[in-house]
Q: 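Following this message is one structure expressed as structure tokens.
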Number of protein chains: 2
Amino acid sequence: MADNARRTDHRYGIRPTMKDVAARAGVGLKTVSRVVNGEPGVTPDTERRVQEAIEALGFRRNDSARVLRKGRTASIGLVLEDLADPFYGPLSRAVEEVARAHGALLINGSSAEDPDREQELALALCARRVDGLIVIPAGTDHRYLEPEIKAGIATVFVDRPAGRIDADVVLSDSFGGAREGVAHLVAHGHRRIGFIGDQPRIHTATERLRGYHAAMEDAGLPVDPAWMSLGPTAPERVRDAVTAMVTGPQPVTALFAGNNRVTVTAVRTLAGHQRPVALVGFDDIELADLLGITVIAQDAAALGRTAAERLFRRLDGFDDAPARVELTPVLIARGSGEIPPHDA
Amino acid sequence: MADNARRTDHRYGIRPTMKDVAARAGVGLKTVSRVVNGEPGVTPDTERRVQEAIEALGFRRNDSARVLRKGRTASIGLVLEDLADPFYGPLSRAVEEVARAHGALLINGSSAEDPDREQELALALCARRVDGLIVIPAGTDHRYLEPEIKAGIATVFVDRPAGRIDADVVLSDSFGGAREGVAHLVAHGHRRIGFIGDQPRIHTATERLRGYHAAMEDAGLPVDPAWMSLGPTAPERVRDAVTAMVTGPQPVTALFAGNNRVTVTAVRTLAGHQRPVALVGFDDIELADLLGITVIAQDAAALGRTAAERLFRRLDGFDDAPARVELTPVLIARGSGEIPPHDA
DNA sequence: CCTGCACCTGACAACGTTGTCCAGGCCCTA
DNA sequence: TAGGGCCTGGACAACGTTGTCAGGTGCAGG
């Protein structure tokens with residue numbers, strides 16, 4: 001009796017189960033399951049009775065139990081660096097859209113560029129048994145994911161390559177993009193060009209630096225070590241780096257900014273400067289058009305979409321060797337990259 | 001024998017379970033559970049054997065089963081409008097940080113401003129048995145969540161109030177903010193001020209329009225219906241609205257933009273216009289400082305943090321009546337809002 | 001009237017974990 | 001040496017669902 005009350009009341013914190021629905025509808029447990037899942041083999045009359053019981057009790061299937069039984073969670077995990085970074089918003093949204101098209105939910109977490117936190121997050125997602133995992137690497141060693149991948153969790157890395165592990169990778173051509181951007185500055189007459197990028201352990205940062213070097217070498221231009229600065233993208237650090245390059249003994253007449261964070265701070269810093277300095281930034285930025293900032297734009301949404309599509313192809317049984325997909329960023333000239341050299 | 005092989009091999013798609021670990025370590029199932037959960041009552045020697053077996057098999061606890069047993073998922077759901085909108089990135093990140101501090105993961109989804117999709121998403125999250133739900137409403141009727149809340153899923157609404165349901169709400173003072181922004185324009189001499197906002201079914205949109213009316217009335221200024229435009233924030237619509245107001249028979253000398261999307265398009269449109277038009281926008285925007293855009297800034301991260309903290313307080317057993325928390329946005333003068341009236 | 005068949009329906013086990021409870025072994029004390 | 005308490009470890013049920021399989025009913029055909 002007491003148990004009965006517990007079962008049927010709408011008391012706080014109590015969830016009706018299929019068993020309760022079955023009891024109320026006067027049918028078997030399995031019949032409820034059939035109705036809930038739209039399986040065939042239920043008379044219209046029985047179905048109606050079950051539906052009424054579901055309605056009356058406010059029943060909602062417990063997907064945890066379902067997952068346990070079926071083995072698939074219909075959810076994928078996304079580990080990125082920072083959800084608040086305007087670069088990752090569209091990427092995340094694109095992943096979500098693809099997941100939605102496949103009936104899956106998205107669980108995401110920010111690593112804050114900390115390898116330990118990346119691992120902790122990725123493994124937590126695996127423990128949840130997400131069907132697949134999309135990772136924007138913070139660390140450089142992903143062997144910890146090997147057992148997970150072996151166990152069947154499809155995994156795709158985005159934006160940066162995986163470390164010490166063979167897996168799908170989707171990224172932008174950082175090297176080529178930076179090379180093109182710096183070449184653009186060279187073409188507009190610059191010979192002393194500075195490069196400010198993210199921390200050297202981040203793959204895209206060193207690739208873009210490599211692109212810078214290649215472009216300078218292509219043009220036969222010397223590179224002063226003082227013209228290069230890799231490090232955290234905190235505004236203070238970037239501001240100091242910009243100021244040092246622009247006012248140093250061999251002042252640069254142009255700057256290449258390694259990512260959107262750097263570009264933003266560089267623009268702010270240069271705005272307070274009297275001598276015009278040319279600027280090309282990696283990553284597009286909202287309102288860059290109004291500010292006339294020339295950029296190498298990568299398509300964050302396309303990165304996310306491509307990665308997610310690849311992931312779901314694997315989940316659908318496609319079992320090719322891991323591949324590396326590289327998207328080509330495009331240069332958008334808006335003014336700041338076309339400023340001619342102004343020597344000090 | 002075959003079963004044994006299935007159990008112990010590292011074959012693709014096979015997951016070792018606690019049972020497998022127990023067999024390998026030569027202990028009971030529950031002992032493995034104890035080790036995995038750091039429960040007391042296991043000799044160091046036994047613990048070592050279990051750890052070795054876990055390592056060797058690459059065991060990872062199946063949280064789905066754990067959830068089923070324990071009833072708590074240690075995850076919360078966030079339904080927002082668009083993860084790609086720069087306003088929601090920081091909000092989402094703030095929620096994530098609070099969740100992380102409480103050991104919970106974040107599942108989020110975008111409603112794309114579609115009430116049906118909002119409901120579908122929210123209910124899917126409930127079926128997953130998230131412990132709590134944070135919703136940025138797209139729809140105006142949330143009675144569908146009543147059984148869920150009764151069943152114990154803590155729910156907090158953010159940015160916009162819940163409809164037809166009594167629940168916690170955290171939002172910015174849209175009315176007051178808009179009123180202050182419009183008053184600012186009035187104080188700078190404007191008498192013909194336009195208002196462009198989001199669709200009227202969105203609460204913040206109508207609240208801000210109300211603030212506009214209040215400020216105009218406070219100043220004893222008449223309002224021409226042609227100076228108000230509510231509708232989708234698609235660039236074309238906003239562009240046309242701006243153009244119409246600025247070039248109409250009673251051209252406005254100042255504009256109030258109802259949110260960040262509107263502001264961006266308004267700035268772009270006004271940039272191609274000869275006569276200076278003053279502008280104040282609701283929501284801060286990256287690089288608005290460089291473009292000199294005066295805004296009413298709300299703190300998206302604070303909204304998310306406040307909501308998440310409230311959610312977890314409920315999860316920790318706090319059982320007060322639902323409350324409404326209102327954050328005060330601040331005016332940041334940067335130039336565009338201080339332009340004096342220029343008549344046509 | 002019986003057989004065969006199609007169609008519904010429900011009993012039961014299983015998914016992998018945790019909570020409960022009890023058994024056995026050890027040490028300490030009387 | 002016997003008795004009692006403590007510590008360790010394991011057997012078992014339960015969480016809520018789905019897959020398997022067998023039983024039951026009704027109808028048509030022989």
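We name chains A, B, ... by the order of the sequence lines, and we start the count at 1 in each one. Everything numeric in this text was worked out from a predicted model, so none of it was measured. FYI, side chains are in, hydrogens and waters are out, and symmetry mates aren't considered; it's all heavy atoms of this structure.
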Q: Base, sugar-phosphate or nothing for Val42(B)? Non-hydrogen atoms, less than 4.0 Å.
A: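 Touches sugar-phosphate only.
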Q: In terms of side-chain geometry, is the basic nitrogen of Arg15(B) or Glu148(A) positioned less than 4.0 Å from the acidic oxygen of its partner?
A: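 Salt bridge between Arg15(B) and Glu148(A), a charged N being under 4.0 Å from a carboxylate O: yes.
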Q: For the pair made of CG in Asn62(A) and C1' in dC15(D), what is the distance, rounded to whole Å?
A: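 Value for this atom pair: 9 Å.
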Q: Over the length of the helix from dC1(C)-dG30(D) to dA30(C)-dT1(D), how much do the five-pair end axes diverge, rounded to 10 degrees?
A: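 Between the first-five-pair axis and the last-five-pair axis there is 60°.
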Q: Between Arg313(B) and Asp320(B), does a salt bridge (Lys or Arg N to Asp or Glu O under 4.0 Å) hold up when you go through it step by step?
A: CA-CA 10 Å; Arg313(B) 268 218 301 171; Asp320(B) 208 359; over 6 Å; no
Q: Just how far, in rounded Å, is P of dA11(C) from CE of Met18(A)?
A: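 So the CE-P distance, Met18(A) to dA11(C), works out to 16 Å.
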Q: Looking at Arg314(B) and Asp316(B), is there a salt bridge between them, counting it only when a charged N and a carboxylate O are closer than 4.0 Å?
A: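 Between Arg314(B) and Asp316(B) there is no salt bridge, as every charged N stays at least 4.0 Å from the carboxylate O atoms.
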Q: In whole Å, I'd like the distance from the CG atom of Leu68(A) to the C1' atom of dG19(D).
A: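 Rounding to the nearest Å, CG of Leu68(A) and C1' of dG19(D) are 14 Å apart.
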Q: When you measure from the side chain of Thr46(A), which nucleotide among dT17(C), dT9(C), dG9(D) comes out closest?
A: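 Shortest atom-to-atom distance from the side chain points to dT9(C).
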Q: Roughly, in whole Å, what's the span from CD in Glu39(A) to C1' in dT17(D)?
A: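 For the pair Glu39(A) CD and dT17(D) C1', the rounded distance is 11 Å.
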Q: Less than 4.0 angstrom between a side-chain N/O of Ser64(B) and OP1 or OP2 of dT17(C), yes or no?
A: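 No.
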Q: Rounded to whole Å, please give me the gap between CZ in Arg48(A) and C1' in dT9(C).
A: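 Going from Arg48(A) (CZ) to dT9(C) (C1'), I get 17 Å.
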Q: Between Ser33(B) and dT18(C), does any side-chain N or O lie under 4.0 Å from OP1 or OP2?
A: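 Yes, because at least one side-chain N or O of Ser33(B) sits under 4.0 Å from OP1 or OP2 of dT18(C).
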Q: Please evaluate the base of dG16(C) for a donor-acceptor partner in the side chain of Arg69(A) within a cut-off of under 3.5 Å?
A: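 Absent.
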Q: At under 4.0 Å, does any side-chain N or O of Thr31(A) touch on OP1 or OP2 of dG10(C)?
A: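 Checking Thr31(A) against dG10(C): at least one side-chain N or O falls below 4.0 Å of OP1 or OP2.
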Q: Determine the contact category for Val27(A): base if any of its heavy atoms lies under 4.0 Å from a base atom, sugar-phosphate if only primed atoms, P, OP1 or OP2 are that close, otherwise nothing.
A: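 The answer is sugar-phosphate, as Val27(A) gets under 4.0 Å only of primed atoms, P, OP1 or OP2.
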Q: Ring-plane angle category for Phe312(A) and His102(A), please: parallel below 30°, perpendicular beyond 60°, tilted otherwise.
A: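 Parallel, since the angle between the ring planes stays under 30°.
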Q: Tell me whether the OP1 or OP2 atom of dT18(C) has a side-chain N or O from Asn37(B) closer than 4.0 Å.
A: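 Checking dT18(C) against Asn37(B), a side-chain N or O does come within under 4.0 Å of OP1 or OP2.
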Q: Which nucleotide sits closest to the side chain of Thr43(B): dG16(D), dT18(D), dG9(D)?
A: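 Looking only at heavy atoms from C-beta outward on Thr43(B), the closest nucleotide is dG9(D).
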Q: Could you tell me whether the side chain of Leu80(A) reaches within less than 4.5 Å of the side chain of Ser92(A), counting heavy atoms only?
A: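 Yes. Closest side-chain heavy atoms under 4.5 Å.
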Q: Less than 4.0 angstrom between a side-chain N/O of Arg61(B) and OP1 or OP2 of dT18(C), yes or no?
A: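 It does, given that an N or O in the side chain of Arg61(B) lies less than 4.0 Å from OP1 or OP2 of dT18(C).
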Q: Without decimals, in angstroms, what is the distance between Arg49(A) CZ and dC8(C) C1'?
A: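 The distance from CZ of Arg49(A) to C1' of dC8(C) comes to 12 Å, rounded to the nearest Å.
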Q: With a 4.0 Å cut-off on heavy atoms, is Lys70(B) in touch with a base, just the backbone sugar-phosphate, or nothing at all?
A: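 Touches sugar-phosphate only.
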Q: Can a donor-acceptor pair under 3.5 Å be found between the side-chain atoms of Lys19(A) and the base atoms of dG16(D)?
A: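 Side chain to base: no pair below 3.5 Å.
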Q: For the residue pair Gln119(B) and His142(B), confirm or rule out a side-chain donor-acceptor distance under 3.5 Å.
A: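 No, because no side-chain N or O of Gln119(B) sits under 3.5 Å from a partner of the opposite role on His142(B).
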Q: Does Arg34(B) get its side chain close enough to the base of dG19(C), under 3.5 Å, for a donor-acceptor pair?
A: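 Under the 3.5 Å cut-off, the side chain and the base do not form any donor-acceptor pair.
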Q: From the set dT17(D), dT18(C), dT18(D), return the single nucleotide nearest to any side-chain atom of Arg66(B).
A: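 For Arg66(B), the side-chain atoms sit closest to dT18(C).
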Q: For Leu171(A) and Phe157(A): C-alpha separation, side-chain torsions, deciding distance, then whether side-chain contact (heavy atoms from CB on, under 4.5 Å) applies.
A: CA-CA 8 Å; Leu171(A) 22 68; Phe157(A) 293 83; over 6 Å; no
Q: Between Glu97(A) and Arg117(B), does at least one N-O distance fall below 4.0 Å, as a salt bridge requires?
A: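 Result for this pair is yes, salt bridge flagged.
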